[in-house]
Amino acid sequence: MSLEVVSAVSNSSLFQPGFSLLNFDEHTFLFGQKGWPKRSCPTGVFLLDIKENELKMKPAFFSNDSCYLPPLRYPAICKLRDNAESDEYQYIIHGGKTPNNDLSNKMYVMSLISRNSKKPTFQCIEKDLDGDVPEARYGHTINIVHSQGKSMSVIFGGRSYTPLAQRTTEKWNSVVDCLPSVFLIDFEFGCCTSYVVPELQDGLAFHVSVARKDTIYILGGHSIQNNTRSPSLYKLKIYLPLGSPAVTCTILPGGISVSSGIVTQTSDTKFVLVGGYQSDNLKRLVCNTIVLEDSDIQIVERESPDWTPDIKHSRMWFGSDMGEGSVLLGIPGANKQLISDANYFYILRCKGEEDKEELTAQICSQTSSTEDPRDSTPFEDSEEFCFSAEANRFDVDDTDTYNEDDEEDESETGYWITCSASCNIDNNTWVPFYSTEFDKPAMILCSRGAGHWVHAQCMDLSETMLLHLSEANVKYFCNEHIDLNKGLQTPKKVVPLKKQPMKPLRKKTTMKLTSPAKKSFLRRLF
């Protein structure tokens with residue numbers, strides 16, 4: 001096993017804990033970018049080109065008949081083949097978290113229809129499901145089993161939000177383990193059937209699962225209800241006769257207490273388990289080889305790579321299977337780098353000289369090797385990182401290379417931002433404040449400059465005023481910019497009042513009358 005360092009720089013913030021890697025024809029694609037896709041790559045899927053420890057990101061494209069595929073964190077992903085020996089395959093994507101922390105219950109089928117490295121093109125189709133449809137979840141696994149010439153998808157585990165009827169003000173956004181039901185999905189017709197297996201008593205998330213033919217092995221996993229990592233090893237046998245399927249479960253010895261482990265396949269029957277946690281504050285630095293032969297499984301400890309001091313002392317790590325026996329690992333860079341929120345990255349190559357067989361067995365593991373820190377661990381969720389040995393070594397004529405400088409700062413968008421200095425909205429503790437809120441805080445656009453979003457609750461807006469501002473065609477300025485906006489406004493032009501000129505007063509004339517004249521004047525009046 002060899003460990004290679006990939007330098008981290010600041011020209012990308014698309015990788016995050018919970019991302020997934022897809023492998024088509026020895027090409028690796030990033031899925032589950034941070035935030036919503038932008039104009040530089042509206043699909044949110046990138047081709048990762050790694051040469052000499054330098055990584056370039058090129059946008060991938062979708063065909064015109066594709067459905068919209070949101071960037072999803074912690075989804076369940078596996079390969080779908082027509083049969084166990086087929087070389088052609090597609091990817092099945094189920095569940096996961098959107099950038100708004102909404103959970104998805106949809107299933108997508110993703111296939112590569114154009115292998116041109118300059119413009120890789122995918123087709124994405126949403127699969128309609130019926131029957132016992134699995135609830136929206138994340139941190140679960142999906143596998144494909146083959147039996148009696150038929151194939152089935154199998155979904156197990158994961159976490160979801162607390163049902164609405166059980167939510168309280170204090171635990172409005174809390175998550176719970178999904179029920180330990182096994183879901184079988186007929187991929188041809190989309191029919192879903194759930195099975196309750198007595199041996200599976202507790203819900204599990206961020207576990208590892210590997211499949212071969214009609215058997216699935218479930219290893220480890222974390223139970224948020226008991227705050228334990230299961231040491232059990234479960235063997236699920238799926239029978240697909242002409243009638244109804246049958247599911248049996250056997251508990252085997254020799255399990256490993258681990259969560260968020262990453263599994264990569266090195267040969268037809270061999271897998272390597274790396275990463276994960278053995279407790280909330282302790283990473284698992286031991287590596288294991290998993291061997292599947294017929295109906296038997298063997299798990300043995302193998303020599304671990306020479307972990308760097310940064311990896312050993314890091315509180316958390318995360319990553320994904322790159323395929324072909326390689327794993328991409330990341331750790332937070334803390335304050336050791338000049339770039340804020342930077343991370344260190346490594347490529348762990350697990351395939352040795354003895355592993356030269358063609359990879360044909362089916363594999364599925366939790367694609368993101370970090371369980372959500374807000375659910376069960378105190379680990380900090382890292383934010384922005386990207387790869388490249390040097391920031392300016394991209395090809396000049398490569399117009400498809402992604403350039404994050406063209407994008408807006410993702411920290412300025414979303415519902416769970418720090419909108420102002422007095423912002424008190426926390427995704428872990430937030431509860432609805434307005435009657436119009438459900439699972440996201442109400443926000444309003446401040447018209448200062450290019451505009452930015454703020455939480456209505458942080459601005460001390462009453463519900464009446466919030467409704468008025470949402471209906472009226474007026475500009476709003478947040479508390480930090482209202483005084484500044486007033487100071488920058490041009491005073492209104494005051495029209496001077498027109499004053500009417502005053503009429504001059506007439507001079508009073510006095511007339512002195514003598515007594516005879518006075519008498520004559522009075523006679524005329526009367």
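Using the six-membered ring where Trp is involved, Phe24 and Tyr89 have ring planes that are parallel, under 30° apart on the 30 and 60° scheme.
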Which is it for Val176 and Arg159 under the side chain to side chain contact (heavy atoms under 4.5 Å, CB included) test, yes or no, and what are the steps along the way? CA-CA 6 Å; Val176 295; Arg159 289 178 184 161; over 6 Å; no
Assess the residue pair Phe19 and Leu30 against the criterion (side chain to side chain contact (heavy atoms under 4.5 Å, CB included)); give the C-alpha distance rounded to whole Å, side-chain angles, the decisive distance to 0.1 Å, and a yes or no. CA-CA 7 Å; Phe19 73 90; Leu30 166 68; 3.8 Å; yes
Between Asp128 and Phe189, is the side chain to side chain contact (heavy atoms under 4.5 Å, CB included) condition met? List the steps. CA-CA 8 Å; Asp128 294 328; Phe189 302 102; over 6 Å; no
Ile77/Phe31 under side chain to side chain contact (heavy atoms under 4.5 Å, CB included): CA gap, chis, key distance, verdict: CA-CA 11 Å; Ile77 295 181; Phe31 171 69; 4.2 Å; yes
Verify side chain to side chain donor-acceptor pair (under 3.5 Å) between Ser174 and Thr162, making sure each step is shown before the conclusion. CA-CA 6 Å; Ser174 61; Thr162 305; 2.9 Å; yes
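Contact of the Cys191 side chain with the Thr193 side chain is not registered, since no non-hydrogen atoms from C-beta on lie closer than 4.5 Å. Between Phe345 and Leu329 the shortest side-chain heavy-atom distance does not fall below 4.5 Å. Annotation: side chain of Lys97 is not in contact with side chain of Asp102 (no heavy-atom distance under 4.5 Å). Within the 4.5 Å cutoff, side-chain heavy atoms of Cys41 are placed close to those of Phe46. Within the 4.5 Å cutoff, the side chain of Phe29 has heavy atoms near those of the Phe122 side chain. Contact of the Ile444 side chain with the Leu461 side chain is registered, since non-hydrogen atoms from C-beta on lie closer than 4.5 Å. The shortest side-chain heavy-atom distance between Asn23 and Met322 does not fall under the 4.5 Å cut-off. The shortest side-chain heavy-atom distance between Phe433 and Ile425 does not fall under the 4.5 Å cut-off.
Judged by distance alone, the side chain of Glu463 and the main-chain N or O of Leu466 form no donor-acceptor pair under 3.5 Å. Under a 3.5 Å cut-off, the side chain of Tyr277 and the backbone N or O of Trp317 do form a donor-acceptor pair. For Gln265 (side chain) and Ser267 (main-chain N/O), a donor-acceptor pair under 3.5 Å exists by modelled atom type. Panel note: side chain Arg137, backbone Gly96; no donor-acceptor pair is recorded below 3.5 Å. At distances below 3.5 Å, not a single donor-acceptor pair connects side-chain atoms of Gln123 with backbone N or O atoms of Ile125. Between the Ser320 side chain and the Ser20 main chain, no donor and acceptor come within less than 3.5 Å of each other. Side chain of Ser104 to backbone of Lys106: a donor-acceptor contact under 3.5 angstrom is found.
Here the straight-line distance linking atom CG of Asp132 with atom CZ of Phe183 works out to 7.0 Å at 0.5 Å rounding. Here Ile155 contributes atom CD1 and Ser194 contributes atom OG; the two are 11.5 Å apart, rounded to the nearest 0.5 Å. Note that SG of Cys350 and CG of Leu3 are 9.5 Å apart. Values are rounded to the nearest 0.5 Å. Rounded to the nearest 0.5 angstrom, Thr264 OG1 and Leu348 CG are separated by 9.0 Å. Taken from CD1 in Ile92 to CG in Asn143, the straight-line distance is 10.0 Å, to the nearest 0.5 Å. Atom CD1 of Ile142 sits about 10.0 Å away from atom CD1 of Ile93, to the nearest 0.5 Å.
For Asp186, the salt bridge (charged side-chain N to carboxylate O under 4.0 Å, His left out) test picks out no residue, with sequence neighbours left out.
Salt-bridge formation is detected for the pair Glu4/Arg349: a Lys NZ or Arg NE/NH1/NH2 atom is positioned less than 4.0 Å from an Asp or Glu carboxylate oxygen. Between Asp268 and Arg212 a salt bridge is recorded (basic side-chain N to carboxylate O distance below 4.0 Å).
Of all heavy-atom pairs spanning Tyr74 and Pro17, the tightest one is OH-O, 3.5 Å. Nearest approach of Ser151 to His146, heavy atoms of both residues: OG-ND1, 2.8 Å. Contact detail for Cys192 and Pro134: the closest heavy-atom pair is SG-CD, 4.2 Å. In terms of heavy atoms, Gly319 sits closest to Ile262 at C-CD1, 3.7 Å. Residue Cys423 comes nearest to His455 through the heavy atom pair SG-ND1, 3.6 Å, listed as atom of the first residue, atom of the second, then distance. Shown here for Phe62 and Cys67, the closest heavy-atom pair between the two residues is CD1-O, 4.2 Å.
A centroid separation of less than 6.0 Å is found between the aromatic rings of His140 and His94.
Under 3.5 Å, the side chains of His207 and Thr141 contain a donor-acceptor pair of N or O atoms. For the residue pair Thr121 / Ser63, no side-chain donor-acceptor distance below 3.5 Å is found, with atom types taken as modelled. If you check the side chains of Asn105 and Glu135, you find no donor sitting under 3.5 Å from an acceptor.
Remark: Leu445 CG is packed, more than 12 non-hydrogen atoms of other residues, nucleotides or ligands lying under 6.0 Å away. No more than 12 heavy atoms of other residues, nucleotides or ligands sit less than 6.0 Å from atom CG of Asn64.
The side-chain tip of Lys119 points at the ring of Phe61 from less than 6.0 angstrom away and within 45° of straight on.
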